[in-house]
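Notes follow once the structure below has been shown.
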There are 2 protein chains.
Amino acid sequence: MEDELSRAFAALADPIRRDIVARLTADDMTVTEIASDYDVSLQAVSKHLRVLEAAGLISRRRDGQQRWAHLEVDVFDLLTGWIDTYRRRAELRHQRLDEILRRST
Amino acid sequence: MEDELSRAFAALADPIRRDIVARLTADDMTVTEIASDYDVSLQAVSKHLRVLEAAGLISRRRDGQQRWAHLEVDVFDLLTGWIDTYRRRAELRHQRLDEILRRST
DNA sequence: TTCGTACTCAACCGCAAGGTTGAATAAACG
DNA sequence: CGTTTATTCAACCTTGCGGTTGAGTACGAA
């Protein structure tokens, strides 16, 4: 788990972190706001946010006492980019297979 | 890590497993074939394949002594489905924000 | 039936992940 | 200033992951 792709996939493997990401699509939120939604400690949520930040999925801005989390959608492109590359490759292979089968009959 | 989505994200968080998936887009492969590509034991690769299977990313077929791994692309849709849902939601929010800003000037 | 090949099972190890609690820092407020 | 509020840091615990080695299973070939 070194590269950005691994960090992004790993970050989204946790249900709480996925849910945080989902909520951040509606609005930027503070740590306390986010933590109130879950049955874990504030510190645990703080850790989750650090993981999301390290994965590039969120950015953070300090405003007085509060730290606002903001969703960064660019990493989504990284993920779908990887997935689509190999999905396309798999589909191409099937198309070629189908063609061979069609020609051989 | 209980649901399919978590298992799929977690499965792809590992570079070796991502590489296995990538290679399986070209052709079905046996455990030994796959293992020859990496600097880990056959047993380690066997474990990786079990993880990929549990995530629904591959299926396996026994043929004599060999077990062939076959890529199952449907899980890709599950992942891109999740990602696109929230990307779209984030983009909608920004559009609304832009509109409000435009109207208020 | 014996032997080699392909693979899995089982036990173990080191380490990181996700959780906790308690203390520290930092800003707002009286 | 002292106190409350927001957040992080630090130490710790337990669990799971990715790796290993060694033994077991299952099939093919001789």
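Each chain gets a letter, A, B and so on, in the order the sequences are listed, and its residues count up from 1.
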Integer-rounded Å distance: dG19(C) C1' and Leu42(A) CG: 14 Å
Nearest-angstrom distance from the residue atom CZ of Arg50(A) to P of dG18(C): 12 Å
Would you tabulate the pairs of protein nitrogen or oxygen atoms and nucleotide nitrogen or oxygen atoms of nucleotides 23-27 of chain D closer than 3.5 angstrom?
from, atom 1, to, atom 2, distance (Å)
dC27(D), O2, Gln65(B), NE2, 3.1

Report the relative orientation of the aromatic rings in Phe9(A) and Phe9(B); use parallel for angles under 30°, tilted for 30 to 60°, perpendicular for over 60°. tilted
Hits for side chain to side chain contact (heavy atoms under 4.5 Å, CB included) against Ala44(A), two or more places apart or cross-chain, chain-then-number order -> Val40(A), Ser41(A)
Kindly point out which of dG18(D), dT21(C), dA11(D) is positioned nearest to the side chain of Lys47(A)? dA11(D)
Whole angstrom value for the distance that separates P of dA17(C) from CG of Leu52(A): 13 Å
Can you tell me how far C1' of dC17(D) sits from CZ of Arg17(B), to the nearest Å? 8 Å
Salt bridge (charged side-chain N to carboxylate O under 4.0 Å, His left out) involving Arg61(A) - partner list, sequence neighbours excluded: Asp28(A)
Just to confirm, is there a sub-4.0 Å distance from OP1 or OP2 of dC17(D) to any side-chain nitrogen or oxygen of His48(B)? no
Of all the choices, dG19(C), dT7(D), dT8(C), which nucleotide is nearest to the side chain of Thr32(A) once you look at every atom? dT7(D)
Hey, is the side chain of Ser46(A) poking within less than 4.0 Å of OP1 or OP2 on dT8(D), counting only N and O atoms? yes
Return the value, rounded to whole Å, for the distance between atom CG of Asp14(A) and atom P of dA16(C). 18 Å
So, does Ser41(B) get its side chain near the phosphate of dG19(D), meaning an N or O under 4.0 Å from OP1 or OP2? no
Euclidean distance, atom CD of residue Gln66(A) to atom C1' of dT7(D) [Å, nearest integer]: 10 Å
Tell me the interatomic distance from Glu33(A), atom CD, to dT5(D), atom P, rounded to whole angstroms. 16 Å
Aromatic rings His94(B) and His70(A): how do their planes relate, parallel, tilted or perpendicular, breaks at 30° and 60°? tilted
Would you please name every residue forming a side chain to side chain donor-acceptor pair (under 3.5 Å) with Ser59(A), sequence neighbours left out? Glu72(A)
Arg67(B) CZ to dG28(D) C1', in whole Å, measures 18 Å
Not counting sequence neighbours, which residues clear side chain to side chain donor-acceptor pair (under 3.5 Å) with Thr80(B)? List them please. Arg87(A)
It should be established whether Arg60(A) places a side-chain nitrogen or oxygen under 4.0 Å from OP1 or OP2 of nucleotide dT8(D). yes
Here the side chain to side chain donor-acceptor pair (under 3.5 Å) pairs for residues 42-53 of chain B, sequence neighbours left out, are Arg17(B)-His48(B)
